[in-house]
There are 2 protein chains.
Amino acid sequence: MSECLNCACVMRSMNRLNNCQVEQLEKNHAVVKFKKGASIIRQGMFSTNVVFLRNGLAKMHLNGPYHEQIVRVIKAPTYLGLPTTFGDKINQYSITAVIDSEVCFIDMNVFSMVLRENSDFSTHIIQELSKSELETYRRCANRTQKQVRGNLADVLLDFADNIFGSDEYTLPLSQSEIGNWVDASRESINRLLSEFVSDKIIDMKGKRIHILNKASLQLISQYG
Amino acid sequence: MSECLNCACVMRSMNRLNNCQVEQLEKNHAVVKFKKGASIIRQGMFSTNVVFLRNGLAKMHLNGPYHEQIVRVIKAPTYLGLPTTFGDKINQYSITAVIDSEVCFIDMNVFSMVLRENSDFSTHIIQELSKSELETYRRCANRTQKQVRGNLADVLLDFADNIFGSDEYTLPLSQSEIGNWVDASRESINRLLSEFVSDKIIDMKGKRIHILNKASLQLISQYG
DNA sequence: AATTTTTTGTGATATTAATCACATCATTTT
DNA sequence: AAAATGATGTGATTAATATCACAAAAAATT
C-alpha cells in the first residue's frame with residue numbers, strides 16, 4: 001500500500017504527478033517521527049533531502065548576530081526548507097519540531113528528476129517559493145515596524161486562526177522563544193501577556209491560552 | 001541584431017536556452033528606460049510581465065503598517081520581482097529606479113512557456129528564488145537584531161562592496177529612505193552619519209561618501 | 001522523591017532611538 | 001530670480017523596551 005499516496009503533502013500536488021513519478025518518490029523516501037524539540041533540519045549541515053512535514057508543527061530558525069531568530073512556525077502539511085535545499089548545499093537555517101511530528105525525507109536527486117520531467121510540478125514549486133518569499137517580506141515589514149504589543153497580538157492570533165483553528169490552545173513555544181520570534185526580550189513578552197490577562201483580553205493558565213476578546217487583540221495587532 | 005542576446009540578464013542564463021527560445025523571448029519583449037525615481041513595478045497593480053533590470057539600480061519596497069519599507073536595493077543585471085510575478089497576480093511590492101535604468105519586460109506567458117519547455121532554465125529559476133529567500137531571512141534577522149548604528153554601517157559597506165565596487169560613491173538614497181530600509185528615523189540616520197564623519201570613519205560631502213576607515217565600519221557592522 | 005535545569009513573574013534602572021521643533025541648505029518649479 | 005518644496009542638521013524631551021537582579025514555579029533528570 002503506497003505511503004506516498006497517503007501523504008497529504010504529496011497528495012496536494014498529486015494531480016501534477018503521474019503514477020510513475022509517484023512510484024519514483026515512493027521508492028526513495030523515508031518517514032521519520034520526531035519528538036517535540038527534536039531537530040529536523042540543522043543549519044550548517046549538508047542538505048541532501050527534500051523534506052515534507054506530514055503532520056505536526058515546526059519552527060524555522062537561524063542563528064542571528066546576537067541570538068537565535070525564529071523566522072516562522074509552520075504546520076503540516078507543508079514542504080520544509082525548500083529554499084535551503086535548493087539555494088545552498090549547506091543548510092542556511094534549522095527546522096525543529098515544536099510538537100511531536102512526522103516527516104518524510106525524499107532524496108533530492110529523485111525530487112529534482114521529477115521536477116525536470118514534470119513542468120507542471122516545477123511551476124507549482126516556483127509558485128510556492130514565490131508566495132513564501134512574498135509572505136516573508138510582509139512579515140518582516142510588520143515585525144520591524146510594529147511594536148512588541150502588536151507583534152505579540154499577531155502571534156496569539158496566528159496560533160488561533162492559522163495553526164490551531166481555535167481560540168483556545170496550548171502555547172507550543174516558551175516565552176523566550178516568542179521573544180526570539182517577534183524580536184523582544186523574554187521579560188517584555190511576559191509583561192505583555194500579563195497585561196493582556198489583566199485587561200481580560202486573554203485567559204492564561206500555564207501555557208493554556210484562551211482568547212476572550214478577539215476584537216481587542218485584532219485592534220492591538222493593527223495599531224498596537 | 002538580437003537585443004536579447006545582448007541583454008546581460010538573458011546572457012546569464014543563455015547556456016540554458018536554445019536559439020528558438022531566445023527568439024521567443026526576443027519577439028515578446030520590450031526595453032524601456034526609466035528615469036531616477038520612476039516606478040517600474042507598482043504594488044497593487046496586475047503583473048503580466050517578467051522584468052529584467054538590464055542596467056541601473058532599483059529599490060524593492062512595500063507599504064508597511066506605518067511607513068514605506070525598503071526591502072532591498074538591487075543592481076543590474078538581475079531579475080526584478082520574480083516572486084511578485086509568480087506568487088500573486090497582483091504585485092505585492094513596488095520596484096522603483098534609484099538611478100536612471102534600463103529595463104526589459106517579457107510577456108509572462110511566453111516566459112512561462114520557456115520555463116515549461118526548458119527544465120534546466122526552470123531549475124535555474126528555482127535556485128534563484130531559493131537563494132533570494134535565504135538572503136531575505138538572513139537580512140531580516142540582522143536588521144532586527146542589530147541596532148541602527150550597525151545596520152547603517154552595513155548599508156554603507158553594501159554600497160561600497162556589492163553595488164558600486166568602490167569606497168567612494170554617491171549615495172543614491174536620501175537619509176529618510178535609508179531610514180525606511182534599516183528601520184530607523186531619518187533623524188537617527190542623520191546623527192549617526194555625522195558621528196561617523198566626526199569619528200573619521202567616513203568623509204561626506206553632500207551625498208558623496210568616502211569610506212576612510214573600513215575596518216572600523218566592519219567592526220561597527222558586527223558589534224555596533 | 002530529590003535535585004537540577006528551565007521557565008515564569010516582577011521590580012528598579014539604563015539606554016536606544018523616536019518624536020517634536022526649528023533652522024538651514026538644495027532642488028525644483030513657477 | 002523668486003518661491004516653493006524637499007532634504008539635511010541639531011537640540012530637547014519622551015517613550016518603549018532592554019537589561020539586571022532575584023524569587024518562585026514547573027519540568028526534566030537522576
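Residue numbering restarts at 1 for every chain, and letters A, B, ... go by the order of the sequence lines.
One atom, CD of Glu187(A), and another, C1' of dA16(D), lie 14 Å apart when rounded to the nearest Å. Following rounding to the nearest Å, Asp183(B) (CG) and dT16(C) (P) show an atom-to-atom distance of 18 Å. In this structure, Lys35(A) atom NZ and dA28(D) atom C1' are separated by 14 Å, rounded to whole Å. Rounded to an integer number of Å, the gap from Tyr66(B) OH to dA16(D) C1' is 13 Å. Atom C1' of nucleotide dT16(C) and atom CZ of Arg149(B) are separated by 9 Å, given to the nearest angstrom. Rounding to whole angstrom units, CG of residue Leu173(A) and P of dT6(C) are separated by 17 Å. As a whole-Å value, the separation of Lys205(A) NZ from dA25(D) P is 17 Å. As a whole-Å value, the separation of Arg208(A) CZ from dT8(C) C1' is 19 Å.
Side-chain N/O atoms of Arg186(B) and base N/O atoms of dG6(D) include no donor-acceptor pair closer than 3.5 Å. Judged by atom type and distance alone, Arg191(A) reaches the base of dT19(D) through a side-chain donor-acceptor pair under 3.5 Å.
Looking at heavy-atom distances under 4.0 Å, Ser174(B) makes contact with sugar-phosphate atoms alone, never a base.
Within the 4.0 Å cut-off from OP1 or OP2 of dG9(C), at least one side-chain nitrogen or oxygen of Gln175(A) is found. Using a 4.0 Å cut-off, some side-chain N or O of Ser188(B) falls inside it from OP1 or OP2 of dA18(C). An OP1 or OP2 oxygen of dG9(D) is reached within less than 4.0 angstrom by a side-chain nitrogen or oxygen of Asn190(B). Using a 4.0 Å cut-off, some side-chain N or O of Lys207(A) falls inside it from OP1 or OP2 of dT8(C). Side-chain N/O atoms of Ser176(B) include none lying less than 4.0 angstrom from OP1 or OP2 on dT8(D).
No donor-acceptor pair closer than 3.5 Å links the side chain of Gln69(A) to the backbone N or O of Leu62(A).
Under the ring-ring contact (aromatic ring centres under 6.0 Å, His included) criterion, Phe34(B) pairs with no residue at all, not counting sequence neighbours. Remark: Glu195(B) engages Arg149(B) in a side chain to side chain donor-acceptor pair (under 3.5 Å) (not counting sequence neighbours).
Taking a cutoff of 4.0 Å between a charged side-chain nitrogen and a carboxylate oxygen, Lys131(B) and Asp88(A) do not qualify as a salt bridge.
Between Phe86(B) and Phe111(B), the ring planes are tilted. Angles from 30° to 60° get that label.
Out of dA18(D), dA16(D), dA17(C), the shortest distance to the side chain of Gln147(B) is found at dA17(C).
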